[in-house]
Amino acid sequence: DVKVTQSSRYLVKRTGEKVFLECVQDMDHENMFWYRQDPGLGLRLIYFSYDVKMKEKGDIPEGYSVSREKKERFSLILESASTNQTSMYLCASISGGTFYEQYFGPGTRLTVT
Amino acid sequence: GQQVMQIPQYQHVQEGEDFTTYCNSSTTLSNIQWYKQRPGGHPVFLIQLVKSGEVKKQKRLTFQFGEAKKNSSLHITATQTTDVGTYFCAGYSSASKIIFGSGTRLSIRP
């Protein structure tokens, strides 16, 4: 079974802090994604990566950056956390292109106070 | 930009009643996927539809992809308490961009 893990289930940070969210997948998938999930808005794509050191902006990249130094690990960085970044963050990976299912991690619920 | 609208946002049904959620895209999709997210859980892949007019069934669940590949539906016959959760569609454009619908949350009265 594919396993996607995220570094924390719950995280509380203060406004202005730098926040790192880590995602690791164990199935050698090329593509990895970061989404945020908010009530009534569904899943919105923040960034994705199709290879090591490669990244592409999704629909809402502002205020976020990403890092992919190793194939299995994809990190989401909030340079200076703000209260409007309080959300559920979901990481996903996919073995191929658009005709493959996405495997999601358990999610990190981030609260910024 | 491309949008995928999903309705209804919420549905509360009596156990045994049917349930349907609909997705409509502003552009033609190359394929569409459906995911289920249980309360407190993460989205889990259910199925993918690729062909125009395609219909697929998984036990009590029936998935349809419209002839124009711009809309899709998920129908559950005779709901059970295990069906509780939020159902998302995810449409892929020809540019390989994925857009998730906003989800339909299904709750069930036993």
Side-chain angles (χ1 to χ4, degrees), chain A residues 1-10 21 23-25 27 29-51 54-61 87-110, chain B residues 1-11 21-51 54 56 58 63 65 69 85-105 107:
Chain A
D1 272 354
V2 174
K3 197 162 205 177
V4 181
T5 56
Q6 294 183 227
S7 48
S8 305
R9 279 291 263 149
Y10 300 94
L21 303 182
C23 175
V24 178
Q25 50 93 3
M27 285 300 291
H29 286 175
E30 290 95 4
N31 302 302
M32 297 185 74
F33 304 80
W34 274 106
Y35 296 91
R36 63 176 284 176
Q37 182 176 19
D38 300 289
L41 296 177
L43 280 71
R44 292 180 292 165
L45 182 63
I46 304 171
Y47 267 97
F48 67 99
S49 169
Y50 52 88
D51 202 351
M54 305 302 284
K55 60 184 179 184
E56 292 282 346
K57 292 180 180 179
D59 298 313
I60 52 164
S87 187
M88 170 67 83
Y89 289 88
L90 288 161
C91 173
S93 74
I94 191 171
S95 63
T98 61
F99 294 91
Y100 292 81
E101 66 181 272
Q102 294 202 22
Y103 293 88
F104 284 86
T108 296
R109 184 164 294 283
L110 172 66
Chain B
Q2 181 189 359
Q3 290 187 337
V4 175
M5 305 297 293
Q6 187 171 357
I7 57 170
Q9 191 172 0
Y10 303 99
Q11 187 85 56
T21 174
Y22 301 89
C23 281
N24 291 289
S25 170
S26 56
T27 59
T28 302
L29 301 170
S30 59
N31 55 311
I32 193 162
Q33 298 176 343
W34 284 91
Y35 292 80
K36 177 183 178 180
Q37 183 176 23
R38 294 183 186 274
H42 57 273
V44 174
F45 176 81
L46 293 176
I47 208 160
Q48 173 169 262
L49 304 169
V50 178
K51 299 176 185 175
E54 189 169 15
K56 287 189 176 180
Q58 287 181 349
F63 304 84
F65 201 10
K69 299 185 76 173
T86 301
Y87 293 85
F88 293 97
C89 62
Y92 282 90
S93 70
S94 56
S96 300
K97 184 179 178 184
I98 184 172
I99 299 285
F100 275 82
S102 53
T104 297
R105 185 189 295 180
S107 59

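Each chain gets a letter, A, B and so on, in the order the sequences are listed, and its residues count up from 1.
Counting all heavy atoms, side chain and backbone alike, A:G40 lies closest to B:S102 at O-CB, 3.5 Å. Residue B:F100 comes nearest to A:L43 through the heavy atom pair CB-O, 3.6 Å, listed as atom of the first residue, atom of the second, then distance.
Contact annotation for A:Q37: only side-chain heavy atoms (C-beta onward) come within less than 4.5 Å of a heavy atom of chain B. Of the atoms belonging to B:V44, not a single heavy atom falls under 4.5 Å from chain A. For A:L90, the part lying near chain B is the side chain, with the backbone staying farther off; criterion is any non-hydrogen pair under 4.5 Å. Looking at B:Y10, neither its backbone nor its side chain comes within 4.5 Å of chain A, counting heavy atoms on both sides. Contact of B:I99 with chain A is made through the side chain alone, with heavy-atom distances under 4.5 Å. A:D38 does not touch chain B: none of its heavy atoms, backbone or side chain, sits under 4.5 Å away. Only the side chain of A:Y35 comes within less than 4.5 Å of a heavy atom in chain B; its backbone stays farther off.
If you tally non-hydrogen atom pairs under 4.5 Å between each of A:G105, A:G58, A:G107, A:A92 and chain B, the highest count goes to A:G105.
Under the side-chain hydrogen bond (donor to acceptor under 3.5 Å, both in side chains) criterion, B:S25 pairs with no residue, sequence neighbours left out.
Between B:Y35 and A:Q102, some side-chain heavy-atom pair lies under the 4.5 Å cut-off. In this structure, the side chains of A:E101 and B:I47 stay at 4.5 Å or more apart for every pair of heavy atoms. A 4.5 Å side-chain heavy-atom check between A:D59 and B:K97 finds at least one atom pair inside the cut-off.
Under a cut-off of 6.0 angstrom, the local environment of CZ in A:R109 is sparse, with at most 12 non-hydrogen atoms contributed by other residues, nucleotides or ligands. For CZ of B:F45, the number of neighbouring non-hydrogen atoms (other residues, nucleotides, ligands) closer than 6.0 Å is greater than 12.
One finds the CZ atom of A:F33 at 6.5 Å from the CD1 atom of B:I98 (value rounded to the nearest 0.5 Å). Atom CE of A:M88 and atom NE2 of B:H42 lie 11.0 Å apart (nearest 0.5 Å).
The main-chain N or O of A:G42 is never found under 3.5 Å from a side-chain atom of B:Q6 such that the two would form a donor-acceptor pair.
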